[in-house]
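Before any comments, here is the structure.
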Amino acid sequence: MKFGHFDDEAREYVITTPRTPLPWINYLGSQDFFSLISNTGGGYSFYKDAKLLRITRYRYNDIPNDSNGKYYYINDNGTIWNPGFMPSRTKLDSYECRHGMGYTRFKSNKNGLGAELLAFVPVDAACEVNLLTLENTSSEEKNFSLFSYVEFCLWNAMDDMTNFQRNLSIGEVEIEGSTIYHKTEYRERRNHYSFFTVNTPVDGYDTSRDDFLGLGNSNAVPDAVRDCKCRNSVASGWYPAAVHQINLTLKPGEKKSLVFLLGYCENPSDNKWEKPGVIRKDGAHELIRKFHTEEQALEAFARLNQYWTELLSRYTVQSSNPHINRMANIWNQYQCMVTFNMSRSASYYESGTGRGMGFRDSCQDLLGFVHLIPARARERILDIASTQFADGSAYHQYQPLTKKGNLDIGSGFNDDPLWLIAAVAAYLKETGDTSILDAQVPFDCKPGTEEPLFEHLRRSFRYTADHLGPHRLPLIGRADWNDCLNLNCFSSEPGEPFQTTGPSEGPVAESVFIAGMFVKYGKEFAKISKIYGNDQLSETVSKEVQNMYQTILDAGWDGEWFLRAYDANSEKVGSSECKEGQIFIEPQGFCVMAGVGVKEGLAKKALDSVKERLDTKYGVMILQPAYSQYYLNLGEISSYPPGYKENAGIFCHNNPWVSIAETVIGRGNRAYEIYSKTCPSCIEDISEIHRTEPYVYSQMVAGADAARHGEAKNSWLTGTAAWTFVNLSQAILGICPDYEGLRIDPCVPESFGDFTITRTFRDAVYHIEIKNPSNIQKGVTHLNVDGTEVSGNVIPYEKDKKEYFVTAYMG
Ligand code: BGC
Ligand code: NOJ
């Protein structure tokens, strides 16, 4: 069943009922100011950091679900409704919500009154614009009242939930015409404020939430809306909010547009007060001047569209497969931008107060983003590397605002260091900008510790190379990519919950997955060392990589597939000898991607085992058989019920790994089959089973052991976005940025036919046509570049050339 449809022309998903199985959300904002917005108007806004600079309040795990947002209420002769359905839940005569690239548009109608709400964050401005157009579609004159509503969060979202004894006294507002300022915290060191305004005089306002709602009321039908009369309340402490009341009269056919603006401002810290207690408002006035009229709002909206048109034009495909075209050209790239911006911080499933930017997560997100805005990728790499420890290990997370490592989580995830090499390799291949290797970057953000980025990479590599266990495989530490595989938990007291830190950590558990990573990214590091002019290091690195390759074959091969790990007692994990958890997806994907076992014929065996043992109609599960009970020596993984999350769920993130692995051994049919099982567009028809948004990936789909097999959870913020874009754009469609230039190496299903790709690479645009006359799955025989035959599959790079016309022949 579907709850809407794609509109590819407009680059939108059109939701046709507010009653979607879960809130279906979108993200507004591309750089600093962000809002989450659901298809019923729920969500919240923040500036740069969802924990430290939260502008409006949201309550997770609330009832009704998703019942706080930026709301507009209409009281039309006693009928109270919202254009987005929530929170009044008044049945609408018509409803439509279009989620597009950085904007969301609602269109609804009730009793002959139409409302169209366009919400977006302009490019390069710290505000959200809400353009609301009301139209009388009836044949009678209409008199009605409109009320806006936002509830302010007192900035630090964590404090807002936990330290309210303080917060209930600090809320301050100021009212200036139609502008309501929220200036809480202005007294202290943080010189920021927000405001909510509308471009018309108001007939009333409220700034105290509870005066507006009424004692004991929810926000479904606030008392002031019911009475059609704001209280003109001025908040002092308690719960500051911003409400505008506008009374309107519309003749039949008449329309009226209003521009609401939620803004964030910072003033210079030496200039705090106009007079005691009164803030300087220059910043707000400037924003209001910029986005005051409908024309200005529409102009800003046009600029936003232009911004996305330009970004998305950097990689476009035209093929016989509409799902691939839609996902590659629109939604997959869009999700890559969102995950790049948010890491795993703020979604409808990540609170914004817990995890900030993940070291491993952000490095991976970069793989899908680097082609869009390489300059931001560069900055991100340097931020991430600055949090690295001098011994090459890494803080697992850092806070986006301060950019400092998160002490609460600490370090010890032994895959982290190698992801930095992955990110830098992707950046170098995309841009050719080797100057980044010389950038001076501190360790642990400590001034005076700066070393070139290249040295950071060397230490990443060394950290893994120098922390090997009894089988000469890399030590896993607290966990590797699989956060829940905590193999050093052996000394917890019986009956105690698993522990992944502290005294329970043991030194010996090893990871075959990290070994695969070491081979894959070690090879990259060897190349980078060469590029950096250090041939000797490059050779040493290559030798260590070669040794690890052999170690995997000797100690990491189980007979029909790659082993997953050895636990703290050197017992096998992910082996046919195990009672449960016999085969895991991660080492199959990563070892084969690294090329391990390809020439020995083991790669094919491993991938056949994946198909035989882990495949389902909804995607490939992470392991089988599921753990039926909690095992102390395995940790959190076995704390999940069978079929969920890391315990045999379909973890979407590593599905592209096995799909890419299939392309390594040339099986395009199977690579696409795996791709299509989790591809949002391909499974749109089963939205009632899948339940999360049909235009983006979720972290997990329940596996075959789960009661709700096929149901997805935790949408949006997942490395699936980046890895799938790598899979689709590079492995399947085969346009691979490489150190020397663009390599063309598709691996497609036999029935795929010819296709074309336009790709911006470094300073040039490449128009690439791929011809596959014999319908094979893999293999390019030669290229024709601007009329000249070229053997092999790398497009020779010519300095200063701005446009390439290439035909690649498969055969
Ligand atoms: C989840 C993982 C997640 C981890 C991070 C675990 O509970 O299952 O998917 O990566 O928490 O905090
Ligand atoms: C989600 C985390 O964000 C990611 O870092 C991790 O690799 C996966 N869960 C698997 O545990």
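We use all heavy atoms of the structure for the numbers below, so side chains are in, but hydrogens, waters and symmetry mates are not. For ligands, and for the atoms within them, numbers begin at 1 and follow the listed sequence.
Below 30°, between 30° and 60°, or above 60°: for H396 and F413 the angle between ring planes is below 30°, a parallel geometry.
Every atom of ligand 2 is numbered from 1 in the order shown, and the set under 4.0 Å from a heavy atom of F651 is 8 (C), 9 (N), 10 (C). The R355 neighbourhood of ligand 2 comprises atoms 2 (C), 3 (O), with distances under 4.0 Å to a heavy atom of that residue. Near Q699, with a cut-off below 4.0 Å to any heavy atom, the atoms of ligand 2 are 1 (C), 9 (N). Of all the atoms in ligand 2, the ones that sit under 4.0 Å from a non-hydrogen atom of N482 are 11 (O). Taking every heavy atom of R360 and a limit of under 4.0 angstrom, the matching atoms of ligand 2 come to 4 (C), 5 (O), 6 (C), 7 (O). Below 4.0 Å from some heavy atom of E646 lie the following atoms of ligand 2, by number and element: 9 (N), 10 (C), 11 (O).
Every residue two or more places apart in sequence or in another chain that forms a ring-ring contact (aromatic ring centres under 6.0 Å, His included) with Y395 is listed here: F389. Every residue two or more places apart in sequence or in another chain that forms a ring-ring contact (aromatic ring centres under 6.0 Å, His included) with F443 is listed here: H456.
Under 4.0 Å from ligand 2, not a single heavy atom of H653 appears. Counting heavy atoms closer than 4.0 Å to ligand 2, residue D361 contributes side-chain atoms (C-beta onward) but none from N, CA, C or O.
Contact check for S386 versus V441: side-chain heavy atoms found under the 4.5 Å cut-off.
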Between F584 and Q624, does a side chain to side chain contact (heavy atoms under 4.5 Å, CB included) hold up when you go through it step by step? CA-CA 7 Å; F584 281 66; Q624 274 295 298; over 6 Å; no
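A donor-acceptor contact closer than 3.5 angstrom is absent between the side chains of E350 and W716.
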